[in-house]
Number of protein chains: 2
Amino acid sequence: MSRILRIGGAQMGPVQKAESRQAVVARMLDLLAQASAQKCDLVVYPELALTTFFPRWYMTEQNEVDSWFERDMPNAATRPLFKAAAAARIGLSFGYAELTPDGRRFNTAILADRDARIVGKYRKVHLPGHAEYDSARSFQHLEKRYFEPGDLGFPVWRCFGGIVGLCICNDRRWPETYRVMALQGVELIVLGYNTPAGNSQKAEEGPERRRFHNRLCLQAGAYQNSTWVVAVAKGGVEDGHAMIAGSMTVNPDGEIVAEAKTEDDELIVADCDLDATLFGKQTVFDFARHRRIEHYGRITAQTGIVRPRE
Amino acid sequence: MSRILRIGGAQMGPVQKAESRQAVVARMLDLLAQASAQKCDLVVYPELALTTFFPRWYMTEQNEVDSWFERDMPNAATRPLFKAAAAARIGLSFGYAELTPDGRRFNTAILADRDARIVGKYRKVHLPGHAEYDSARSFQHLEKRYFEPGDLGFPVWRCFGGIVGLCICNDRRWPETYRVMALQGVELIVLGYNTPAGNSQKAEEGPERRRFHNRLCLQAGAYQNSTWVVAVAKGGVEDGHAMIAGSMTVNPDGEIVAEAKTEDDELIVADCDLDATLFGKQTVFDFARHRRIEHYGRITAQTGIVRPRE
């Protein structure tokens, strides 16, 4: 039986602070309609898709912070998206800020099946940035202020005829992210991102080098774990802050097979044959034959660097 | 104090089966003289530099196998190289097949300081290929037959004013290799490789894709660990078997700063500022602030894939 999934990467242009969730969902519905017209099986939206990338703003009032969070999913704003996806028999993945009933806050993504049932939830593990206002930066990146690190690990799920995992934005720079999922047989990793076009701590690092790092991590993660990777950005300028865009689909050989051409709402479509993951998993990256865990101990035994004695 | 090291990557063209170690060392001495003329601090030669890449040949006679191994280092054949390096005050790294006094066989690399004293030894952990003759392959790759996996882990050493680590060939495809060294503060990883220009199990995977995979792994390993990587090939055609060449030096941003233009003996020289590793280690890849080892457990707890239940 063929395991070719047609996946739509639904890049989104900027979402301004003033934009309502209803207006954003209307844009998401339009991308869903395009995906449906192109017979996609799954459509993937960015990290924190429903709002602007609010962690760039320093806030001290908890009410203001919480206005960016969702207490339920689906909720009133997103229910039309779930309904339309179920009607079109298309799976969904998107990111949002999650406020739990017991008051915990996560940078979260969900995966929904063709009936728009949520079958997978992931909470971002690698939160970049900082927790307090940092006057040395050219702009703020306060994910460590507004979220706690994900508490669900890197689960994968059997769905869409394969094994699918989620991660979010900065997770893609960390090889551990892909590896933990690959050790569970992952065949498709989908992720959203909001990546600033400049480095707030290094003025000379502009968008070209940032896009290079983005591609490099996604391609290496796909190749070294013999998995498809679909990475979907928000792009363009949100209230004066430019993002890198550059959504792409990478095959298990590490090659880019689809890539966004704009920095705006744009659907990139690729046919992803999950069986193309088998060759790598059975040969050069046959973990069972080649990995040597007796020499990897530091990876889980220590968080930071321990240098050899002088 | 400046920590800029000038490193010569001494790519070597093919070494035929019939070529003596003395003839090979003469070529290595010529590359050393070029490195000395260009004021290099360290010169890096390939994996199994002293002989042809013999694991492509299926052998059943242990005497024949052992003829490719070195019982001492330095030994009669390599002593002129160590002497010349000490005279030039240049450090050395190269790979060779090591036969220990108690009869164990490893794919080994050494690092020697400016006095040509061996300060570091590494034994290849990730042995590719297979142990028995495989008639389904277009050529053999019998590293698992002739070597046992390295037993020294991934150590690093303080030398040349920085923290230096070694790995060998296929190790570079495994993110664990770089990470274990980065968790010890590595600033420079040097490695040699002998990579066939074709995939013995996938005829359509030719040299271009193999070079892409080589670059991808080296660049991602450098960027994600904020370290210099100097990777040095044997290239050209050894007794009918083509290799990819493509030696390169990669900076801690993942960018290639020097790359071989030929498939023959060729010195590539780059000035590697070890202080350029600091920014990444203090910001986006500040392990102490960002790694979440509580979610990495599978990396050291399981060797092969454990899929979720159907």
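Labels below follow one simple rule: chain letters A, B, ... track the order of the sequence lines, proteins then strands, and each chain is numbered from 1.
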Verify the distance criterion only: is there a donor paired with an acceptor across the side chains of A:Asn225 and A:Arg179 at less than 3.5 Å?
yes
Count the heavy-atom pairs under 4.5 Å between each of B:His126, B:Glu176, B:Gln219, B:Arg292 and chain A, then report the option with the highest count.
B:Glu176
Donor-acceptor pair, distance only, cut-off 3.5 Å: does the side chain of B:Arg173 make one with the backbone of B:His213?
no
Does any backbone or side-chain atom of A:Glu310 lie under 4.5 Å from a heavy atom of chain B? Answer side chain, backbone, both or neither.
both
Which residues in residues 140-147 of chain B have any heavy atom lying under 4.5 Å from a heavy atom of chain A?
B:Lys144
So what's closer than 4.5 Å to chain B heavy atoms on A:Pro149: side chain, backbone, both or neither?
side chain
Using heavy-atom distances under 4.5 Å, tell me whether B:Val284 contacts chain A through its side chain, its backbone, both, or neither.
both
Spell out, as yes or no, whether a donor-acceptor pair under 3.5 Å connects the side chain of B:Gln184 to the backbone of B:Val186.
no
Flag, side chain of B:Thr300 to backbone of A:Thr300, donor-acceptor distance under 3.5 Å:
no
Which region of B:Phe154, side chain (C-beta onward) or backbone (N, CA, C, O), has a non-hydrogen atom less than 4.5 Å from a non-hydrogen atom of chain A, or is it both or neither?
side chain
Is there a donor in the side chain of A:Thr195 and an acceptor in the side chain of A:Arg172, or the other way round, less than 3.5 Å apart?
yes
Given heavy-atom pairs under 4.5 angstrom as the criterion, report whether the side chain, backbone, both or neither of B:Tyr178 touches chain A.
neither
Specify which of A:Gln201, A:Arg298, A:Arg215 makes the most heavy-atom pairs with chain B at under 4.5 Å.
A:Arg298
Below 4.0 angstrom, N of the basic side chain to O of the carboxylate: do B:Arg3 and B:Glu187 qualify?
yes
Interface check, chain A: of B:Pro175, B:Gly221, B:Gly185, most non-hydrogen pairs under 4.5 Å belong to B:Pro175
Quick check on the interface: out of A:Ile299, A:Val180, A:Asn199, A:Asn170, who has the most heavy-atom pairs with chain B under 4.5 Å?
A:Ile299
Do B:Trp157 side-chain atoms and B:Gly165 backbone N/O form a donor-acceptor pair below 3.5 Å?
no
Using a 3.5 Å distance criterion without hydrogens, assess whether the side chain of B:Ser226 forms a donor-acceptor pair with backbone atoms of B:Thr277.
yes
Report yes or no: do B:Thr283 and B:Arg289 form a side-chain donor-acceptor pair below 3.5 Å?
no
Should A:Asp151 and A:Arg104 count as an ion pair when the cut-off is N to O under 4.0 Å?
yes
Top contributor to chain B interface from A:Phe285, A:Tyr296, A:Phe287 [non-hydrogen pairs under 4.5 Å]
A:Tyr296
Positions in residues 127-138 of chain A that reach chain B, provided some heavy atom is under 4.5 Å away
A:Leu127, A:Pro128, A:Gly129
So which part of B:Glu294 gets closer than 4.5 Å to some heavy atom of chain A, the side chain, the backbone, both or neither?
neither
Of the listed A:Lys281, A:Arg309, A:Glu205, the one with the largest count of heavy-atom pairs under 4.5 Å with chain B is A:Arg309
Less than 4.0 Å between a side-chain N and a carboxylate O, is that true for B:Glu47 and B:Lys124?
yes
Any carboxylate oxygen within less than 4.0 angstrom of a Lys/Arg side-chain nitrogen, looking at A:Asp253 and B:Arg209?
yes
Basic-acidic side-chain contact under 4.0 Å: A:Arg123, A:Glu148
no
Answer yes when A:Glu98 and A:Arg105 have at least one side-chain N-carboxylate O distance shorter than 4.0 Å, and no when they do not.
no
Name the option with the most non-hydrogen atom pairs under 4.5 Å to chain B; the candidates are A:Val156, A:Leu152, A:Thr303.
A:Thr303
Establish, from distance only, whether the side-chain atoms of B:Tyr122 and B:Asp171 form a donor-acceptor pair under 3.5 Å.
yes
Between B:Asn251 and B:Glu255: side-chain donor-acceptor atoms closer than 3.5 Å
yes
